[in-house]
There are 2 protein chains.
Amino acid sequence: MTVDSALASLADARALVARTSTAERVADAVRNEVVEGRLRPGGRLPEVALAETLRVSRNTVREALSQLVAERVLVREPNRGVFVAVPGPADVRDVYRVRLLIEPAAVRDGELAAEPSALVRVRDAVLEGREAAAREDWPGVAGANQHFHRALVGLAGSERLDQQMGLLLAEMRLVFHRMTGPTAVRAFHEPYLDRNDRIAELLMAGDREAAATQLTEYLATAERQILAAYATL
Amino acid sequence: MTVDSALASLADARALVARTSTAERVADAVRNEVVEGRLRPGGRLPEVALAETLRVSRNTVREALSQLVAERVLVREPNRGVFVAVPGPADVRDVYRVRLLIEPAAVRDGELAAEPSALVRVRDAVLEGREAAAREDWPGVAGANQHFHRALVGLAGSERLDQQMGLLLAEMRLVFHRMTGPTAVRAFHEPYLDRNDRIAELLMAGDREAAATQLTEYLATAERQILAAYATL
DNA sequence: AGCGTATGGATTGCTCAACAATCCGGCAAG
DNA sequence: CTTGCCGGATTGTTGAGCAATCCATACGCT
């Protein structure tokens, strides 16, 4: 290995030495609380309370909150405060419009020749889901499901797309938290285990067109199911 | 019209009364300077200098800069400052991966039945480009070109996708500013006037499949052209 | 010259304290 | 039952300040 190539491989390490900023850590902490469901959609996040419990300045709290607002995890009502987002039916439809556009396209056209590792990640997500189901760990199944879809857009091989999908999935978790009792999360995710499996196998077999078609149908029924659940609310 | 329905139609006005925050205005101002090319890629943005020239506290400047970093318009190097982003070839490839996935998909599958206004916006962008070209207003042509692509993803009818496309196009302007002399911007955008026109006509004629195919080819050659220009740098 | 080290200045990351503007709830008056 | 007003609380924004970090320069050594 030449010196230059060795140095090039070290370029990534820059991200590791530069440890994360305080505001970023605060944002991560709050985002976790939200997506884990420990903060209810609609709940308020007062700046001073956060600042005190996290032992940071109110300014850095504001910086973190602003970031989460940009991620659509929180919403800011001017002069009133920031709240956990409450995704309505319009949001669900919009999110699924994006997913229906991106995910099948990634499956169909993604350059997985360049990234064979992306395929194993799909397979891994399926396994993760099966194992969680065997353990009756339904939040685990939900998590695996997200990993599955994340792996699917990973087939496109685009850093920007991956990041964007992360935001969409975070929003989806908010959606789920609006419908949940813990019984609902099982009822919702369990039926998709088989579908994930089927899509993964079609992909491994190289039939991307069929996989994409399956996925489109999959997403469409999921959207209908969620909107139906919303209607009873 | 009942009182209730009248009030309901006023709900949208909420966005207008709530005027934008200072940090937001600062962010808009800086973003403009950047995408208009008055700040060179790689240029540094010291916090105090900005704060003084804009007559605003350093804290609000920081808030604005953080937002622009999230938009990838700026990059932050910890403890060193924020700089105008310098998109490299890897960024160009990534951006075009996203565009090649999203734009043709929007053309193919967008629910324009629901949004016929979206189609006229495509047509308008084409006209805007022709008029700018007649005026020999090449930055105007470039702007119209962006409006064209924005209108294309508008066919998908998704607010989130529109927003995301806005960020991508802002990044594209940074890319152009790396290659430019003002002669380059003409040479690059002028040939695409006809292609835009052709795609728009295919769309109006209802042949979305052909439009999508044209668009895919269009984007692929544009990417090659840009990367070639980068190579000579 | 080449290399490591120290030193000083500049800038960022973060904190703290304060104040005006705004919003909310309640209460009193019409 | 509405309108108007008051008081408390929270946000939006400012200003100052300090530790940590980075950069350039100078210094010393080989």
Side-chain angles (χ1 to χ4, degrees), chain A residues 3 7 10-11 13-30 34 39-40 42-70 73-86, chain B residues 2-4 6-7 10-11 13-30 34 39-40 42-71 73-86:
Chain A
V3 175
L7 289 183
L10 269 180
R14 173 85 193 171
L16 296 178
V17 301
R19 71 180 175 293
T20 88
S21 86
T22 308
E24 208 167 330
R25 285 193 306 270
V26 171
D28 291 346
V30 174
V34 171
L39 272 80
R40 291 293 162 79
R44 187 147 169 281
L45 303 189
E47 302 180 352
V48 288
L50 281 178
E52 285 171 7
T53 68
L54 296 178
R55 312 291 167 77
V56 288
S57 156
R58 190 159 79 91
N59 282 354
T60 54
V61 169
R62 282 179 64 79
E63 201 174 317
L65 293 182
S66 295
Q67 183 179 335
L68 295 177
V69 167
V73 173
L74 308 178
V75 294
R76 157 166 284 141
E77 304 193 9
N79 291 316
R80 290 190 14 89
V82 303
F83 304 79
V84 180
V86 187
Chain B
T2 76
V3 175
D4 276 353
L7 289 183
L10 270 179
R14 172 84 194 174
L16 295 178
V17 301
R19 71 180 176 294
T20 86
S21 87
T22 308
E24 207 167 332
R25 284 194 306 271
V26 171
D28 291 346
V30 174
V34 171
L39 275 89
R40 291 292 161 81
R44 187 145 168 279
L45 304 188
E47 301 180 350
V48 288
L50 281 178
E52 284 172 7
T53 68
L54 297 178
R55 310 295 167 77
V56 136
S57 158
R58 190 160 77 95
N59 282 337
T60 56
V61 168
R62 282 180 62 81
E63 204 172 315
L65 292 182
S66 295
Q67 184 179 334
L68 295 177
V69 167
E71 295 178 14
V73 173
L74 307 179
V75 295
R76 157 165 285 139
E77 304 193 9
N79 291 316
R80 288 190 14 90
V82 303
F83 304 79
V84 179
V86 186

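Just so it is clear: chains get the letters A, B, ... in the order the sequence lines come, proteins before strands, and each one is counted from 1.
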Subject >> Residue list, side chain to side chain donor-acceptor pair (under 3.5 Å) with A/Asp28, at least two apart or on another chain >> reply: A/Arg31
Original post:
Restricting to pairs with a member in residues 49-60 of chain B, which pass side chain to side chain donor-acceptor pair (under 3.5 Å), not counting sequence neighbours?
Top reply: B/Glu47-B/Arg58
Subject >> Reading 5' to 3' through nucleotides 10-21 of chain C, protein heavy-atom contacts under 4.0 Å coded B for base, S for sugar-phosphate only, - for none >> reply: -SBBBBB-B---
**OP:** Can you sort out the partners of B/Glu24 under salt bridge (charged side-chain N to carboxylate O under 4.0 Å, His left out), two or more places apart, ordered by chain and number?
**Re:** none
Subject >> Those residues that, when tested against A/Arg25, pass side chain to side chain donor-acceptor pair (under 3.5 Å) (two or more places apart) >> reply: A/Thr22
Subject >> Separation of B/Gln67 CD from B/Glu71 CD (nearest 0.5 Å) >> reply: 5.0 Å
**OP:** Supply the atom-to-atom distance A/Arg44 CZ to A/Glu77 CD, rounded to the nearest 0.5 angstrom.
**Re:** 9.5 Å
Subject >> side-chain contact (heavy atoms from CB on, under 4.5 Å) against A/Arg40, all qualifying residues, sequence neighbours excluded >> reply: none
Polar atom pairs between nucleotides 6-9 of chain C and protein, under 3.5 Å, N or O only, would you list them?
none

